[in-house]
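All remarks here apply to the structure that follows.
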Amino acid sequence: MAGLDGRHARARGRGRPAERGHRGIQYTRVRTSRFLEEGARPPYAESTGAGTGVVLRGGKAYPVRWSRLDADGGTSFTTASGQAMTFARGPVWVVLAAAT
């Protein structure tokens with residue numbers, strides 16, 4: 001089951017739990033935003049460029065590389081051998097996390 005802020009996520013407008021799906025961690029550059037929210041500058045995770053990550057499914061973790069050329073395009077995930085990472089039908093939940 002998916003969760004956010006310590007609570008179970010719900011499907012919009014339906015009240016039932018959000019669908020399962022693949023989970024991914026996309027390691028990226030996180031910097032301070034140029035925008036103000038309630039008087040402070042929040043973190044901003046860059047989602048364009050390329051980097052490493054992990055796809056979680058079936059109780060296993062698969063190392064991947066990700067690439068997104070521009071903000072108008074989708075993100076591609078490839079395996080260590082360079083093959084496209086496959087995903088089953090359904091949602092893919094991706095967390096943008098600071099690269100170390």
Original post:
Taking only residues at least two apart or on different chains, which pairs with a member in residues 56-68 satisfy salt bridge (Lys or Arg N to Asp or Glu O under 4.0 Å)?
Top reply: none
Original post:
By side-chain contact (heavy atoms from CB on, under 4.5 Å), which residues pair with Q83, not counting sequence neighbours?
Top reply: T79, S81
Original post:
Which heavy atom of A45 sits nearest a heavy atom of T28, and at what distance?
Top reply: CB-CG2, 4.1 Å
Original post:
Using links of under 4.5 Å between side-chain heavy atoms of ILVMFWY residues, direct or through other members, which residues join L69 in one cluster?
Top reply: none
Subject >> Partner residues of Y44 under the side-chain contact (heavy atoms from CB on, under 4.5 Å) criterion, sequence neighbours left out >> reply: R31, S33, E46
Subject >> Atom pair OG (S47) and CZ (R29), whose distance is rounded to the nearest 0.5 Å >> reply: 13.0 Å
Subject >> Residues forming a side-chain hydrogen bond (donor to acceptor under 3.5 Å, both in side chains) with T78, sequence neighbours excluded >> reply: none
Original post:
Members other than Y62 in its cluster, when Ile, Leu, Val, Met, Phe, Trp, Tyr link by side-chain heavy atoms under 4.5 Å?
Top reply: V55, V64, W66, F77, M85, F87, V92, V94, L96
Original post:
How about V54 and P63: do any of their side-chain heavy atoms sit closer than 4.5 Å?
Top reply: no
Original post:
Quick one: hydrophobic cluster around V95, which other residues, with the 4.5 Å side-chain cut-off, linked directly or via members?
Top reply: none
Original post:
With sequence neighbours excluded, what pairs up with A97 under the side-chain contact (heavy atoms from CB on, under 4.5 Å) test?
Top reply: I25, Y27
Original post:
For residues 83-97, which residue pairs qualify under salt bridge (Lys or Arg N to Asp or Glu O under 4.0 Å), counting only residues two or more places apart or in two chains?
Top reply: none
**OP:** Find the distance between NE2 (H22) and CG (L56) and round it off to the nearest 0.5 Å.
**Re:** 11.0 Å
